[in-house]
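To keep things clear, I will list the structure first and then write my remarks on it.
Numbers restart at 1 for each chain; the letters A, B, ... are given by sequence-line order, proteins then strands.
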Amino acid sequence: MDENAVRRIVARVLDLRDEDVDRLTRENCATWDSLRHIELVTEIEDLLGVDLRDEQVASLDSFDKIMSLVGD
Amino acid sequence: MLFHHLGHATRTLDRSRATLKALGYQCVAAEIHDVKLGVLVEFWHSPNAPMIELLQPADPSSPLVAILRQRSGPYHYCFSAESFEEVGAWVLETRARMLTPPLDAVAFPQRKIQFFGVPDGSIFELVWPA
């Protein structure tokens, strides 16, 4: 899985530059609200071709966790 | 699903009332305090236009404050569901995600409401069947 593709998705949805998404969390990112989270999750689902369970959706609260999911 | 109302966020109800009156709207439910959602709401009806729910933050911790940081104005669409199956089908088809659990509807006795986020980042409120 192309890490840069994920990085671009996260950056675009959260209005950030690609290079600013490392170490990103919902806590430290002002634009990462619940609505953007839903947009982000939908794009990740489309990228992976999966439907994420609600628990998985709730747990994806950092770029690192998104990358872990994508890498699985 | 039946369209119910458009939710319009405003910093103060008073600031929005004159605009709606000038468009032929009348207030049909005034200053209802929804403690759980942290808002003061009013419903405005027009025979020629969609019903509008005006919402004002009830206190600084209201979730509406974050929305008003972006802008005031329309921010959610509300539909009334006629069956639970209809809600389930809508959620599946739209890939909607819950923003709140079902909540007692302060403005609609005996009914529950629930807010959902959809993939384009917009907000929908559903009024559950009675």
What part of A:Val13 is in contact with chain B, defined as an atom under 4.5 angstrom from a non-hydrogen atom: side chain, backbone, both or neither?
-> neither
Pair A:Arg26 + A:Asp33: basic N to acidic O under 4.0 Å | no
Under 4.5 Å to a heavy atom of chain B? For A:Asp54 that would be both
Counting only heavy atoms not in B:Tyr75, do more than 12 fall under 6.0 Å of its OH?
-> yes
Quick check: are there more than 12 heavy atoms from other residues, nucleotides or ligands sitting under 6.0 Å from CZ of B:Arg15?
-> no
Run the salt-bridge test on A:Asp22 and A:Arg7 with the 4.0 Å N-O cut-off and return the result as yes or no.
-> yes
Which of residues 114-130 of chain B have a heavy atom under 4.5 Å from any heavy atom of chain A?
-> B:Gly117, B:Val118, B:Pro119, B:Asp120, B:Gly121, B:Ser122, B:Ile123
Any chance you could measure B:Leu54, atom CG, to B:Ile52, atom CD1, to the nearest 0.5 Å?
-> 7.0 Å
For A:Glu19, does the CD atom have more than 12 heavy-atom neighbours from other residues, nucleotides or ligands under 6.0 Å away?
-> yes
To the nearest 0.5 Å, atom CG of A:Leu16 lies from atom CH2 of A:Trp32 at 9.5 Å
